[in-house]
Amino acid sequence: MSELSVNHLLGIKYLKKEDIDLIFKTADHFKEVINRPIKKVPSLRDITIANLFFENSTRTRLSFELAEKRLSADVINFSAASSSVKKGETLIDTVNNILAMKVDMVVMRHPNPGAGIFLSKHVDASIINAGDGTHEHPTQALLDSYSIREKLGEVKGKKVLIVGDIKHSRVALSNIFALKMQGAEVKVCGPKTLIPKYIESLGVSVETNLVKALEWCDVANMLRVQNERMEISYFPTTREYTQQFGLNKQILDSLNKQIVVMHPGPINRGVEITSDVADSKQAIILDQVQNGVAVRMAVIYLLASKINR
Ligand code: NCD
């Protein structure tokens, strides 16, 4: 396969295994590029990309912008906090105004699940979902699988544990789709109230005892509790959450194997993971960030090659 089966990256759900393979192969090349003294290629000199962030972001926004600049695309940035959205403009009007300025691709983060899908049906540009509410965060799942592949050779057959707020996490859902598609085994762990009832229908098993779950896995992906998405309390106190589901060095060292520890960031140090674990040799958190740029370059490059101009 030499091109993606999709024209937009709206979710992992819409991809085929071959798309993921092609993205990783392309990312391998870009990873080599970004480690050169001159970290830039002229590939997208004729492409203009708008980064529309209607929700807070540090890593993802910077990573996309860097990926676009490394490909020599023209980039415009928009964040909702300082825009006319606050004056009552609709999403389609905002985006159509931006597209009137001849933009080819839109990278969008939005609090509403499905916002990217909606947009792809109404505007004439290639859309990349950079996180749509509690739904999907496809580039995060791609960079997570890419980092597992880099660390352990392949994703197929690996036992991956996702710990934390599964219910509100788009990282969890996109990771489940991506990992299952590549033949990994997936287990989730967290308070029962934060594990959706449908989760087993996605081919995922559930374990509420953290130590047992860790004994099982090759990789543990520790997620942040998404407090900003909760209207009610899902567990008694943060302290109790940490006692039951927080990963500390004592637990990590008590396991009979060296597992790989991941986190998408931002980390709440001392809540889901202690500093000594986050900064340990077993953690690949900063590798994930570095790989994010190469993987996003690959996605943008492959989608741009499908744009009819
Ligand atoms: C995640 C997100 O925004 O969904 N962060 C990220 O993109 N690196 C995870 C989170 O906010 O906890």
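Note that this is a predicted model, so its numbers are computed, not measured. Order of listing sets the numbers, starting from 1, for every ligand and every atom in it.
- Of the heavy atoms in Q288, none comes closer than 4.0 Å to ligand 1.
- Checking G133, G265, G131 against atom 1 (C) of ligand 1, the nearest heavy atom belongs to G265.
- The R59 neighbourhood of ligand 1 comprises atoms 8 (N), with distances under 4.0 Å to a heavy atom of that residue.
- Within ligand 1, counting atoms from 1 as listed, the ones closer than 4.0 Å to a heavy atom of Q140 are 6 (C), 7 (O), 8 (N).
- Any N or O atom pair closer than 3.5 Å counts here, and R224 shares at least one such pair with ligand 1.
- Panel note: side chain E136, backbone I12; a donor-acceptor pair is recorded below 3.5 Å.
- Counting non-hydrogen atoms of neighbouring residues, nucleotides and ligands closer than 6.0 angstrom, the CG atom of D124 reaches no more than 12 such neighbours.
- Annotation: V171 places no N or O atom under 3.5 Å from an N or O atom of ligand 1; distance criterion only.
- The closest protein non-hydrogen atom to atom 7 (O) of ligand 1 is H137 NE2, 2.7 Å.
- In this structure, the side chains of C189 and T208 stay at 4.5 Å or more apart for every pair of heavy atoms.
- Using a 4.0 Å cut-off to heavy atoms of P264, the atoms of ligand 1 that qualify are 8 (N).
- Remark: distances from the non-hydrogen atoms of Q226 to ligand 1 include one below 4.0 Å.
- A centroid separation of 6.0 Å or more is found between the aromatic rings of F78 and F53.
- When side chains are defined from C-beta on, I232 counts as touching Y234, because their heavy atoms get closer than 4.5 Å.
- V6 has its side chain within reach of L15: a pair of non-hydrogen atoms, C-beta onward, lies under 4.5 Å apart.
- A donor-acceptor pair is defined here as one N or O able to donate and one able to accept, closer than 3.5 Å; such a pair exists between the side chain of N209 and the backbone of K212.
- More than 12 heavy atoms of other residues, nucleotides or ligands shown are found within 6.0 angstrom of NZ on K257.
- Heavy-atom contacts of P266 reach the following atoms of ligand 1: 10 (C), 11 (O) (cutoff under 4.0 Å).
- Residue T60 has at least one heavy-atom neighbour below 4.0 Å for each of these atoms of ligand 1: 6 (C), 7 (O), 8 (N).
- Distance from atom 4 (O) of ligand 1 to its nearest protein heavy atom, with residue and atom name: R170 NE, 2.7 Å.
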